[in-house]
Enquirer: 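I have a structure here, written as C-alpha cells, and I will follow up with some questions on it.
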Amino acid sequence: MERHTRRRKPPGMSPGVPVLTGDALPPRIHAIRYDAGSIEERDLATAEDCFALVTPGTVTWIDVQGLADLDLLRALGEKFKLHPLALEDVVSFGQRPKADDYDTHLFVIARMPETGDMIATDQSSLFLGTNFLITFQEHYGDCLGAVRERLRKGKGLMRRAGADYLAYAILDAIVDGFFPVLEVFGEKIETLEAEVVERPTRGSLEQIHDAKRNLLTLRRAIFPLRDAINSLMRGESELVTGVTRTYLRDCYDHAVQILDMVETYRELAAGLMDIYISSLSQKLNEVMKVLTIIATIFIPLTFVAGVYGMNFQFMPELRWRFGYPLVMGAMGFIALLMLWYFVRKGWIGPEDLPATGLLARRRRPRR
C-alpha cells in the first residue's frame, strides 16, 4: 500500500496554489553542475543557492527529495519561472504520469517503483529547462544512483549532451527499475501457481488478491508513463534535441516491453483464481466420491443386517451354528465384489483406495 494517506485538494481553491495532499518529509537539496570537462556537486539549502548555481555553458541538476517545505517550492518556482499548475501537481501526490509543454520548460511526472510486502510507487516530477533540470521526489532514496555515477565518470554522452539527455537518462533509469521488480514478481507467480495446483489454501487466495493488486499498481504507473515518453519523443519542443529523441525511442520500447509483461502477469493472476476454484472443486469431488463409494458399499450390507435384525421367530439361520460367520463372509464378499466392479468400470483407481490386492490392479485396456 502507499505509505502516505491519500487526500484531495479542498474543492473551490484557486488553480496553481500548491497544497500538500499527503504526508511529506523535510526537503534535502543536492545539486550537480557539469560540462564536458568538469563536474561539481553541492548540498544546498535555499532557492537562491540553486538559482545561483545555474550558469551559461553548463548543465545543472537540482534534486529535491522531500516536499514538506512549500515556501521552498514557491521560491524555486519564482526563480526558475516554473508554471504554477505544474508546481501544484508536484505536491499533489498520486498524480498520473504525464508530460506537459509550458514553452520555456517541460514538465514530466513519473512514478518510481518500490518493493516490499506490497509494491508501491513514488511520484517523481521533472522540470526541464534550457540548461537545468529540477527533480522533485516524495521520499529519500531513489533508483538514480547509476545516473549520478555516469555523470561523475563522464562516460558516454552524459557530460557532453544537454539537460534533455539527462532527463532521458533519468526516465530510462525509472523505466528500467521496473524490470527487477517484474522478475521477482514473475518468480512469485510461478511459485504461487504450483502451490495453487498442488495444495490450495486460504493463504493462497490472499496471495492471489495481493498479486492482482500489485499488478494494478504497476499498470497504473507504466501505462501513462509510456504515453508521456511517446509525447516527449514526438513533440515539437526545442528543449529536446533530435539525438535525445532517438534515445527516447529506446526508452519507449522498454516501457512497451514492461507493459506487455504486466499484462501477461495479470492474465496469469486471473487464471490463478480459476485454478484455485478448480482445485478446491476437485478436492471436494474426490472427498464426495470416496464418501459415495462408502455409502454405496454399505447399502447392501445394511439390507442384510436389517433382514437379520427383524427378530422373526422362524428364521433358521439365527439358530444355525455357522450362520454368523456365513453372513459376515457374505457381506465381506459383497463389499469386495462391489469394489472390484467400481475399479473395473474405471470409477475409482488405486489412488483413491489402498493399493493392495485387487484394488492395486489397474484396468487393462481392451484390444
Enquirer: Does a salt bridge link D103 with K81, judged by any charged N lying under 4.0 Å from a carboxylate O?
Expert: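 Answer for the salt bridge query: no.
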Enquirer: Do D35 and S38 have a side chain donor and acceptor closer than 3.5 Å?
Expert: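 Side-chain D/A pair, D35 to S38: present.
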Enquirer: Check this for me: does any side-chain nitrogen of one of D49 and R42 sit under 4.0 Å from a carboxylate oxygen of the other?
Expert: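 Answer for the salt bridge query: no.
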Enquirer: Using the six-membered ring wherever Trp is involved, compare the ring planes of Y247 and Y168 and label them parallel, tilted or perpendicular (cut-offs 30° and 60°).
Expert: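 Tilted, since the angle between the ring planes falls between 30° and 60°.
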Enquirer: If you define the side chain from C-beta out and look only at heavy atoms, does anything of L192 sit under 4.5 Å from I208?
Expert: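 Yes. Closest side-chain heavy atoms under 4.5 Å.
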Enquirer: With respect to L232, which candidate in D164, L171, T244 satisfies the side-chain contact (heavy atoms from CB on, under 4.5 Å) definition?
Expert: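 When side-chain contact (heavy atoms from CB on, under 4.5 Å) is applied between L232 and each of D164, L171, T244, only L171 qualifies.
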Enquirer: Kindly indicate whether the side chain of E263, heavy atoms from C-beta on, has any atom under 4.5 Å from the side chain of L259.
Expert: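 They are in side-chain contact.
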Enquirer: Look at the rings of F179 and H254 and say which category their plane angle falls in: under 30° parallel, 30 to 60° tilted, over 60° perpendicular.
Expert: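 The rings of F179 and H254 stand perpendicular, inter-plane angle above 60°.
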Enquirer: Students often mix this up, so state it plainly: with edges at 30° and 60°, are the rings of F185 and Y265 parallel, tilted or perpendicular?
Expert: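 The rings of F185 and Y265 sit tilted, inter-plane angle from 30° to 60°.
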Enquirer: Can you hop from I277 to L205 via hydrophobic side chains spaced under 4.5 Å?
Expert: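 As far as the 4.5 Å side-chain criterion goes, L205 and I277 are connected within one cluster.
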Enquirer: Look at E195 together with K188 and state whether they make a salt bridge at an N to O cut-off of under 4.0 Å.
Expert: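 Looking at K188 together with E195, the answer is no, because their closest N to O distance does not fall below 4.0 Å.
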Enquirer: Relative to the ring of F51, is the ring of F80 parallel (under 30°), tilted (30 to 60°) or perpendicular (over 60°)?
Expert: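 Judged by the thresholds at 30° and 60°, the geometry between F80 and F51 is perpendicular.
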